[in-house]
Amino acid sequence: MSDDRLSSQALRPENMRVRPKEGMDATALSWVVISVLGCLPFMITGEIPSFADAFFETVSGFMTTGASIMTTLDGMSCGSLFWRSFTHWVGGMGVLVFILAVLPNTSSTFMNLMVAESPGPSVSKLVPTLRQTAKYLYGIYFGLTLIQIVLLLLAGMPLFDSITLTMGTAGTGGFSVRSNGFADYTILQQAIIGVFMMLFGINFSFYFLIVRRKYWEAFHMEEVITYISIIAIVTLLIVCSVYTLFPSVFEAIHHVFFTVSSIITTTGYATVDFNKWTPFARTLVVLIMFIGACAGSTGGGIKVSRLNVLAKGIKKEVQTFLHPNLVRKVCMDGKLVPHETVRSINVFLSIYLITFVICLVLVTLDGKDLVTSFTSVAATLNNIGPGLGEVGPMGNYAGFSDFSKYVLSIAMLAGRLELLPILLLLVPSMWKGTIRLTSRLSAGARNTFGRMPLFRSGKERSAVMKKSEAEAAGPAG
């Protein structure tokens with residue numbers, strides 16, 4: 001059999017297609033491997049010698065959580081500080097999305113890789129091709145990152161701090177580069193970061209519509225309206241509760257908005273210790289930990305869109321109970337929400353609750369108080385970072401045992417990948433599909449590029465691809 005024939009068979013669409021379960025397994029396994037490799041710089045430099053600590057710190061970085069085992073940053077080199085922040089930026093949009101943006105000939109075959117890695121209840125192509133969609137997403141991501149860096153520099157922030165803190169903001173991560181956090185930065189610099197945290201928590205489809213000049217559609221997105229409304233209402237309620245703790249109402253509004261923006265987007269930056277706020281204010285902070293940002297953003301949490309659909313589903317059931325003959329449907333942005341989407345949201349929330357309870361039970365084995373244990377699981381599963389008690393904004397996770405650090409690391413991975421991809425890794429039958437997928441892709445790459453001469457032109461390689469597609473389609477008529 002000729003080389004072209006072999007590569008033609010390997011590259012047939014049915015042999016290259018990534019099915020949903022395979023996409024989930026491949027994505028989860030990729031992030032686990034990346035996290036293991038990513039902790040090597042900390043161990044090689046000796047700045048975090050323990051593997052459990054280094055793995056926790058790296059997972060927290062790539063999963064854009066910001067939970068840290070570091071008690072001080074004074075002895076950490078600029079290289080390690082930059083690496084911590086860079087993991088946030090890479091993890092924010094996703095490594096696989098970046099690969100899809102730069103790979104040639106990326107088709108809908110790999111859509112399930114993007115679905116598995118992207119946060120939110122649904123992912124769709126913004127433009128006809130998947131590669132263009134990935135490029136648009138990273139274009140918006142890079143553009144917002146660059147704008148924030150420039151604004152921070154104009155506000156007088158040092159270049160290193162501007163770049164590293166912007167990476168944490170863009171990825172909604174939360175790693176600081178100074179031991180005293182944000183105490184050394186001006187109110188203007190803090191305000192810029194606070195606003196951009198909120199902006200990175202918005203569904204990137206909103207920015208795509210703005211770029212396409214579809215302003216009416218953009219500013220009427222129900223999820224974005226709900227998201228902004230939650231931030232405004234929670235900020236107002238907390239200000240009314242804690243304004244006496246600040247020198248002026250202006251400072252109260254500033255610090256409360258920064259905190260709310262940081263927590264709801266699951267970034268985790270802090271300008272004040274909200275551990276010292278009133279019980280009412282702390283309760284609201286914990287609630288928005290679970291709400292999270294918009295779907296299709298770099299934020300974590302349950303997501304505003306899911307809660308929107310859930311609220312509409314409850315309203316529909318109540319109306320159906322009161323008026324049995326009344327036909328009601330769940331709609332978002334004027335479009336019908338498919339029953340499969342509603343069902344998947346219900347399943348997600350069920351799995352989320354079960355995962356939360358299991359992680360909480362395991363973490364409580366350390367013997368810490370309930371507030372610390374509860375909020376540490378909430379902060380890691382929702383990819384936030386700081387919680388309350390020992391893991392508050394001025395605390396850290398160094399006091400947990402290695403076992404609890406591994407449990408919380410799994411919680412961070414599960415939260416960032418929307419639970420299912422990580423959970424499916426525990427199902428033996430799923431590994432068969434992943435091995436099968438790896439074999440197909442490896443065979444395709446080997447037959448195409450290993451057996452084809454390096455000097456063969458791009459046109460000839462394209463001809464082989466087209467030939468495989470034609471053979472898969474079969475004879476016309």
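Nothing here was measured: the structure is a model prediction, and the numbers come from that model.
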Practice problem: Using modelled atom types only, decide if a donor and an acceptor are shared between the side chain of Tyr269 and the backbone of Gly194 within a distance under 3.5 Å. | Solution: no

Exercise. Calculate, to the nearest 0.5 Å, the distance between atoms CZ and OG1 belonging to Arg416 and Thr298 respectively.
Key: 8.5 Å

Practice problem: List the atom of Ile149, the atom of Ser162, and the distance in Å for their closest heavy-atom pair. | Solution: CG1-O, 4.1 Å

Practice problem: Could you check Leu310 against Asn346 for side chain to side chain contact (heavy atoms under 4.5 Å, CB included), going step by step and ending with a plain yes or no? | Solution: CA-CA 8 Å; Leu310 181 64; Asn346 293 332; 4.1 Å; yes

Exercise. Report the distance from atom CZ of Phe321 to atom CD of Glu317, rounding to the nearest 0.5 Å.
Key: 11.0 Å

Quiz item: Under the 3.5 angstrom rule, does the side chain of Ser373 hit a backbone N or O of Leu370 as a donor-acceptor pair?
Solution: no

Quiz prompt | Reported CG-to-NZ distance for the pair Leu336 and Lys329, which is rounded to 0.5 angstrom | solution = 5.5 Å

Quiz prompt | Test side chain to side chain donor-acceptor pair (under 3.5 Å) applied to Thr355 - qualifying residues, sequence neighbours left out | solution = none

Exercise. Applying side chain to side chain contact (heavy atoms under 4.5 Å, CB included), run through Lys214 and Phe208 and close with a yes or a no.
Key: CA-CA 9 Å; Lys214 298 181 179 180; Phe208 177 78; 5.9 Å; no

Quiz prompt | Partner of Phe356 under side-chain contact (heavy atoms from CB on, under 4.5 Å), chosen from Leu360, Ile358, Ile354 | solution = Leu360

Quiz item: Per the side-chain contact (heavy atoms from CB on, under 4.5 Å) rule, which among Leu144, Thr145, Leu146 passes with Thr166?
Solution: Thr145

Practice problem: Please test Phe196 against Leu151 for side chain to side chain contact (heavy atoms under 4.5 Å, CB included), starting from the C-alpha separation and ending with a verdict. | Solution: CA-CA 11 Å; Phe196 272 87; Leu151 290 177; 3.6 Å; yes

Quiz item: How about Thr380 and Met63: do any of their side-chain heavy atoms sit closer than 4.5 Å?
Solution: no

Self-check item: Side-chain touch Cys359/Leu381, heavy atoms, less than 4.5 angstrom
Solution: no

Quiz prompt | Trace of the side chain to side chain contact (heavy atoms under 4.5 Å, CB included) decision for Gln189 with Phe182 | solution = CA-CA 9 Å; Gln189 293 165 353; Phe182 279 67; over 6 Å; no

Quiz item: So Ser401 and Asp366, side chain to side chain donor-acceptor pair (under 3.5 Å) or not? Walk me through it.
Solution: CA-CA 7 Å; Ser401 66; Asp366 270 12; 2.8 Å; yes

Exercise. For the pair Glu251 (side chain) and Phe246 (backbone), establish whether a donor and an acceptor sit closer than 3.5 Å, ignoring hydrogens and angles.
Key: no

Quiz item: Do the side chains of Met197 and Phe258 get nearer than 4.5 Å, heavy atoms only?
Solution: yes

Practice problem: Take the angle between the ring planes of Trp83 and Phe62 and call it parallel below 30°, perpendicular above 60°, tilted in between. | Solution: perpendicular

Exercise. Heavy atoms only: give me the nearest Ala293-Gly201 pair and the separation to one decimal.
Key: CB-O, 3.4 Å

Quiz prompt | Any donor-acceptor pair under 3.5 Å from Asn383 side chain to Thr266 backbone | solution = no

Practice problem: Kindly say whether Ile384 contributes a backbone atom to a donor-acceptor pair with the side chain of Asn382 at under 3.5 angstrom? | Solution: no

Quiz item: When you check the gap from the basic side-chain N to the acidic O, do Glu418 and Lys303 get nearer than 4.0 Å?
Solution: yes

Quiz prompt | Exam field: side chain Ser261 to backbone Met198, donor-acceptor pair closer than 3.5 Å | solution = yes

Quiz item: Does Ser60 use its side chain to pair, donor to acceptor, with the backbone of Ala67 at less than 3.5 Å?
Solution: yes

Quiz item: Going by heavy atoms in the side chains, are Leu388 and Phe374 under 4.5 Å from each other?
Solution: no

Exercise. Output the distance between atom OG1 (Thr259) and atom CH2 (Trp277), rounded to the nearest 0.5 Å.
Key: 3.5 Å

Self-check item: Exam field: side chain Thr265 to backbone Thr172, donor-acceptor pair closer than 3.5 Å
Solution: no

Quiz item: Is there a side-chain contact between His254 and Ile187, using heavy atoms and a 4.5 Å cut-off?
Solution: yes

Quiz item: If we only count heavy atoms from C-beta on, is the Ser305 to Val309 side-chain gap below 4.5 Å?
Solution: no

Exercise. Please name the pair of heavy atoms, one in Leu408 and one in Ser376, separated by the smallest distance, quoted to 0.1 Å.
Key: CD2-O, 4.0 Å

Exercise. Locate the shortest heavy-atom distance separating Tyr141 from Gly92; write the atom from each residue and the value.
Key: OH-CA, 3.6 Å

Self-check item: side-chain hydrogen bond (donor to acceptor under 3.5 Å, both in side chains) pairs, two or more places apart, involving residues 225-240
Solution: Thr226-Asn308

Quiz item: Are Ile193 and Met157 close enough that some pair of their side-chain heavy atoms sits under 4.5 Å apart?
Solution: yes

Quiz item: Mind checking whether Phe219 and Ile210 have side chains closer than 4.5 Å, heavy atoms only?
Solution: yes

Quiz item: Between Ser262 (side chain) and Gly268 (backbone), is there a donor-acceptor pair under 3.5 Å?
Solution: yes

Quiz item: Should we count CZ of Phe290 as having more than 12 external heavy atoms under 6.0 Å?
Solution: yes

Quiz item: If you measure from SG on Cys240 to CZ on Phe280, what distance do you get to the nearest 0.5 Å?
Solution: 8.5 Å

Practice problem: Could you tell me the separation between the OG1 atom of Thr169 and the CH2 atom of Trp89, rounded to the nearest 0.5 Å? | Solution: 13.5 Å

Quiz item: For the side chain of Asn203 and the backbone of Phe206, is there at least one donor-acceptor N/O pair under 3.5 Å apart?
Solution: no

Quiz item: Would Tyr207 and Phe204 count as a ring pair (Phe, Tyr, Trp, His ring centres under 6.0 Å) if you check the C-alpha gap in whole Å, the side-chain angles of each, and the deciding distance to 0.1 Å?
Solution: CA-CA 5 Å; Tyr207 301 116; Phe204 274 37; 5.7 Å; yes

Practice problem: State which residues pass side chain to side chain contact (heavy atoms under 4.5 Å, CB included) with Ser68; sequence neighbours excluded, sorted by chain then number. | Solution: Glu57, Met70, Arg84, Phe175

Practice problem: Answer yes or no for Lys368 and Phe400: cation-pi contact, defined as NZ/CZ to six-membered ring centre under 6.0 Å and angle to ring axis within 45°. | Solution: yes

